[in-house]
Amino acid sequence: MDKKEKTRKKGLQFSVLMCYHNTAIKSGGRRRARRKKHMKKVRIIALVLVVALCAALFTGCAKKDSDSDTAYVKKNGKLIVGITDFAPMDYKEAGSDEWVGFDADMAKAFAKELGVDVEFIEINWDNKAVELETKAIDVVWNGMTITDEVKNLMSVGNAYCNNAQVVVVNAAAADQYQTADSVRSLSFAAENGSAGAEQLDLLGVAYTAVDTQAKALMEVASGSVDACVIDSLMAAAMVGAGTDYPELTYTVGLNSEEYGVGFRKGSDLVDAFNAFWKAAYDDGTVMKTAETYKVQAAIIAQ
Amino acid sequence: MSVLEVRKLQKSFGELQVLRDIDFSLEKGEALSVIGSSGSGKTTLLRCLNFLEKPDGGQIIVNGEVLFDAADAATQQEKQIRKKRLHFGLVFQNFNLFPQYTALENVRLAGELLAREREDYRTGRKAVLAAIDEKARRLLDQMGLSDRADHYPHQLSGGQQQRVAIARALALSPDILCFDEPTSALDPELTGEVLRVIKGLADEHTTMIIVTHEMQFAHDVSDRVIFMDGGVIVEQGAPQDVIDHPREERTKRFLERYSGN
Amino acid sequence: MTFWNVILTLAQGLTNTTRLFFLTLLGALPLGLVICFGSMNHWAPFARWAERAAARRGEETALTRFGKRCKPVSAVVKFIVWIVRGSPLMIQILIVYYGPGLLFHWPLLPRFSAALITFIINYACYFSEIYRGGIQSIPKGQQEAGQVLGMTKSQIFFKVTLLQVVKRIVPPMGNEFITLVKDTSLVRVIAVYEVIWMGESFIKKGMIWPLFFTAVFYLVFTAVLTALLDLAERKLSYFK
């Protein structure tokens with residue numbers, strides 16, 4: 001009998017004992033008979049509740065041990081990918097309803113290899129770990145920076161892409177802010193809980209936390225802060241000539257980091273992904289897709 | 001056989017005993033006035049008769065049928081109480097008209113709802129409802145309110161509202177019509193019109209119990225008077241006896257307070 | 001992105017917002033009545049025992065006093081109402097959506113359904129208190145008048161009490177409706193794409209005015225609601 005069985009039995013014994021204890025206290029013939037009937041009802045209800053609770057806990061635990069994540073996804077018939085709108089990784093072309101991008105295309109390929117459909121769901125980035133754990137999504141594939149915290153919460157596939165957290169400032173003032181020291185005097189904005197925010201914490205620089213990286217850019221463009229720290233990939237796509245923010249540019253990189261794909265903690269999909277990626281890298285699919293989205297320089301060799 | 005017989009009725013609220021061994025009977029067509037100071041139990045007596053309170057002891061017998069017996073639980077079942085209430089009608093001190101219905105609708109409403117339980121309702125619905133409507137109009141006419149039939153209670157004076165309430169109680173043709181201080185909430189000017197209506201009903205030999213503070217009215221209109229004090233009937237008899245020549249000390253003291261007006 | 005493209009995208013979010021609003025009302029208005037009756041329920045199973053025990057002993061003890069006052073149905077319902085009204089709606093949304101998966105490893109409800117269920121329960125509890133206040137503010141004489149006229153309990157409620165209660169509760173319910181309109185934006189926390197989420201999606205493209213424009217939708221919605229509530233009050237003003 002394992003520990004769960006033992007505690008369950010103990011619980012049952014205890015509740016039964018309490019019922020008899022209550023019956024024993026009161027004496028007196030007819031009253032005792034009535035109370036016995038009443039306590040029998042109470043006992044039955046208590047039993048049912050205890051059994052129901054244990055059953056729930058039991059099935060919960062049982063599920064965790066025996067199910068393979070890959071089998072679950074295949075049974076479900078689809079791979080649910082949690083993303084946010086983040087060019088060039090996952091985004092939609094104007095007028096189209098289809099998610100494209102480097103991450104989106106590779107996710108589609110992975111799903112195809114697993115033999116299932118793919119479904120993209122825009123999620124609240126703050127909740128990504130809970131979304132994974134509750135099986136609302138199966139994988140986070142959205143240019144997610146691999147940090148210790150992320151590794152604690154999920155099982156991460158092999159790093160596939162380089163990234164840096166870069167400082168974005170007005171192009172006019174860019175020359176003065178080419179080093180990490182030079183930017184200390186500026187007022188900053190960064191996405192709450194992002195790797196960029198982490199870098200600013202390491203530098204010891206205060207910043208305004210905003211919802212998304214896009215909002216951080218907006219803060220700089222509007223002049224409410226001097227600079228912001230965002231992913232270099234996003235910076236490459238969104239600032240400078242030919243973008244929505246031509247007056248901005250990015251200068252110093254505060255760190256270098258890697259992107260990874262996140263699965264449920266302990267999931268066996270990680271191995272499937274690593275195998276898939278190695279094969280895709282070897283046969284050139286990865287680089288070809290990267291070139292479509294102009295991120296080939298950042299791809300990590302496998 | 002009396003229309004109403006009340007035997008040894010008792011009622012307590014917690015520790016306070018409000019009715020002690022109330023015994024009286026009422027003949028058909030008789031108008032009975034109940035007088036006494038506040039707290040003597042008059043209102044509680046009416047409420048017990050109308051099954052708004054449950055007596056702790058005693059019996060209520062209407063037309064020979066035991067409607068309530070404190071000792072017999074079978075008479076205390078909720079489902080029958082509704083039907084038993086229909087033997088009585090009650091006119092409240094503060095009218096309690098339904099504000100969202102016109103005067104006519106107020107009078108018709110209970111009748112229409114009760115008619116649904118009749119067997120001939122489904123087949124002769126129109127006829128049944130027409131009869132109820134006609135009766136309601138007749139009653140309002142009897143009260144002198146035909147031109148106010150489509151007015152809402154808030155558009156009527158206090159006296160008019162009370163007259164609608166009387167019509168509403170009469171619409172169900174109760175065996176015994178009860179009045180709980182019907183003019184106490186009215187201005188002196190409006191009191192007259194309501195008392196006139198009640199006198200008219202008494203002239204038609206409607207069986208009534210009237211709880212009132214209007215001594216002159218009780219004296220002129222009723223066939224019998226009961227004086228209550230401290231939850232017991234102190235004296236009962238013809239109005240000339242009780243009001244003009246009271247025998248009991250307590251009755252005399254009570255009437256002295258009122259003779260000043 | 002032309003103006004109309006933006007409006008169309010926002011309209012998609014607006015569909016979710018309005019669906020949530022109407023379906024919540026559809027569920028919460030009747031459920032509120034059920035909860036209201038539950039919290040007003042006066043079933044006191046120990047009352048008779050307590051009275052006899054007090055009589056036997058000749059005095060009241062704390063236990064007999066409790067026994068007389070103990071109304072289990074009412075107590076349980078009031079406890080639930082306290083929990084639901086006393087905790088933030090956002091947290092309730094998170095619990096209802098993620099809870100089954102986190103605690104029992106059960107499959108999750110669809111996002112919109114989870115949000116809808118949370119809203120219905122939450123608003124039903126608020127409504128139940130408004131109903132209770134309305135019902136208890138009707139003079140007892142109204143009920144007694146119905147009783148002496150031989151009306152059943154349900155006849156009294158539907159034919160006498162209900163309309164008077166409705167008239168009394170239109171202003172506070174109006175407040176709740178307007179609060180509901182704006183509370184719908186909370187569902188973004190479990191990634192239900194309501195109108196503010198859609199408005200924010202344009203920020204990534206550098207446009208902030210769509211977000212401010214969502215305020216226009218809310219203002220229009222609220223204006224329509226207010227007009228309807230005024231109409232209701234006017235229609236009910238034929239009696240006092």
Side-chain angles (χ1 to χ4, degrees), chain B residues 14-15 43 46-47 49-53 78-103 105-117 150-156 164-165 168-174 176-178 180 185, chain C residues 37 41-44 47-48 50-61 64-65 67-69 134-170 232-240:
Chain B
E15 299 208 335
T43 300
L46 276 191
R47 286 170 67 88
L49 291 178
N50 280 275
F51 294 92
L52 289 177
E53 308 280 0
E78 274 298 321
K79 296 185 208 112
Q80 280 99 345
I81 286 185
R82 195 169 69 89
K83 292 289 163 76
K84 290 174 186 178
R85 284 197 182 114
L86 292 172
H87 286 283
F88 296 88
L90 182 56
V91 177
F92 296 87
Q93 185 176 342
N94 38 30
F95 335 133
N96 285 330
L97 290 180
F98 305 135
Q100 69 265 44
Y101 295 111
T102 62
E105 286 166 355
N106 257 284
V107 178
R108 280 199 315 221
L109 181 65
E112 285 172 354
L113 291 174
L114 282 166
R116 289 186 196 170
E117 296 167 27
D150 293 324
H151 285 217
Y152 287 94
H154 77 272
Q155 297 168 310
L156 302 173
V164 174
R168 184 177 66 171
L170 284 171
L172 298 181
S173 306
I176 301 141
L177 186 54
C178 304
D180 187 5
Chain C
F37 287 144
N41 185 288
H42 37 239
W43 177 59
R48 254 192 283 169
E51 287 215 33
R52 272 185 267 138
R56 243 186 299 129
R57 268 180 242 247
E59 50 148 19
E60 293 267 7
T61 65
T64 60
R65 259 182 299 227
K68 281 190 194 162
R69 282 203 321 251
I135 291 176
Q136 290 179 337
S137 75
I138 305 290
K140 192 150 189 258
Q142 291 290 305
Q143 182 195 345
E144 290 180 349
Q147 283 176 316
V148 302
L149 289 170
M151 294 166 74
T152 64
K153 268 201 187 144
S154 91
Q155 281 171 342
I156 295 177
F157 181 75
F158 285 108
K159 292 274 173 190
V160 175
T161 319
L162 188 58
L163 203 58
Q164 296 184 47
V165 171
V166 168
K167 184 182 162 82
R168 276 166 170 76
I169 64 175
V170 166
E233 276 195 57
R234 257 182 294 132
K235 286 261 156 175
L236 288 168
S237 63
Y238 69 91
F239 69 94
K240 298 222 195 305

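These numbers come from the heavy atoms of this one structure, side chains and all, not from hydrogens, waters or symmetry mates. Letters go in sequence order (proteins before strands), and every chain restarts at 1.
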Could you tell me whether the side chain of B:Ile176 reaches within less than 4.5 Å of the side chain of B:Leu49, counting heavy atoms only? no
Which donor-acceptor pairs lie under 3.5 Å between chain C and chain B?
from: C:Gly141; atom 1: O; to: B:Asn96; atom 2: ND2; distance (Å): 3.4
from: C:Gln142; atom 1: NE2; to: B:Leu97; atom 2: O; distance (Å): 3.0
from: C:Glu144; atom 1: OE1; to: B:Arg47; atom 2: NH1; distance (Å): 3.0
from: C:Glu144; atom 1: OE2; to: B:Arg47; atom 2: NH1; distance (Å): 3.1
from: C:Glu144; atom 1: OE2; to: B:Arg47; atom 2: NH2; distance (Å): 2.7
from: C:Gly150; atom 1: O; to: B:Arg82; atom 2: NH1; distance (Å): 2.7
from: C:Lys159; atom 1: O; to: B:Gln100; atom 2: NE2; distance (Å): 3.3
from: C:Lys159; atom 1: O; to: B:Tyr101; atom 2: OH; distance (Å): 2.6
from: C:Val160; atom 1: O; to: B:Gln100; atom 2: NE2; distance (Å): 2.7
from: C:Gln164; atom 1: NE2; to: B:Gln100; atom 2: OE1; distance (Å): 3.3

If you count heavy-atom pairs under 4.5 Å with chain B, which of C:Leu236, C:Leu163, C:Val160 comes out on top? C:Val160
Testing the basics here: between C:Gly146 and C:Ile156, what is the closest heavy-atom pair and its distance to 0.1 Å? C-CD1, 3.8 Å
Mind checking what makes ring pair (Phe, Tyr, Trp, His ring centres under 6.0 Å) contact with C:Phe157, not counting sequence neighbours? C:Phe37
Here the pair of heavy atoms bringing B:Pro174 nearest to B:Phe88 is CB-C, 3.6 Å
When every non-hydrogen atom of B:Leu177 is compared with those of B:Ala169, the smallest separation belongs to CD1-CB, 3.7 Å
Just wondering, do C:Leu149 and B:Leu114 contact through their side chains at under 4.5 Å, heavy atoms? no
Would you mind checking which part of B:Ile81 comes under 4.5 Å of any heavy atom in chain C, side chain (CB onward), backbone (N, CA, C, O), both or neither? neither
If I compare all heavy atoms of B:Phe95 with all of B:Ala165, which pair ends up nearest, and what's the gap? O-CB, 4.0 Å
Of the backbone (N, CA, C, O) and the side chain (C-beta and beyond), which part of B:Leu113 lies under 4.5 Å from a heavy atom of chain C, both, or neither? both
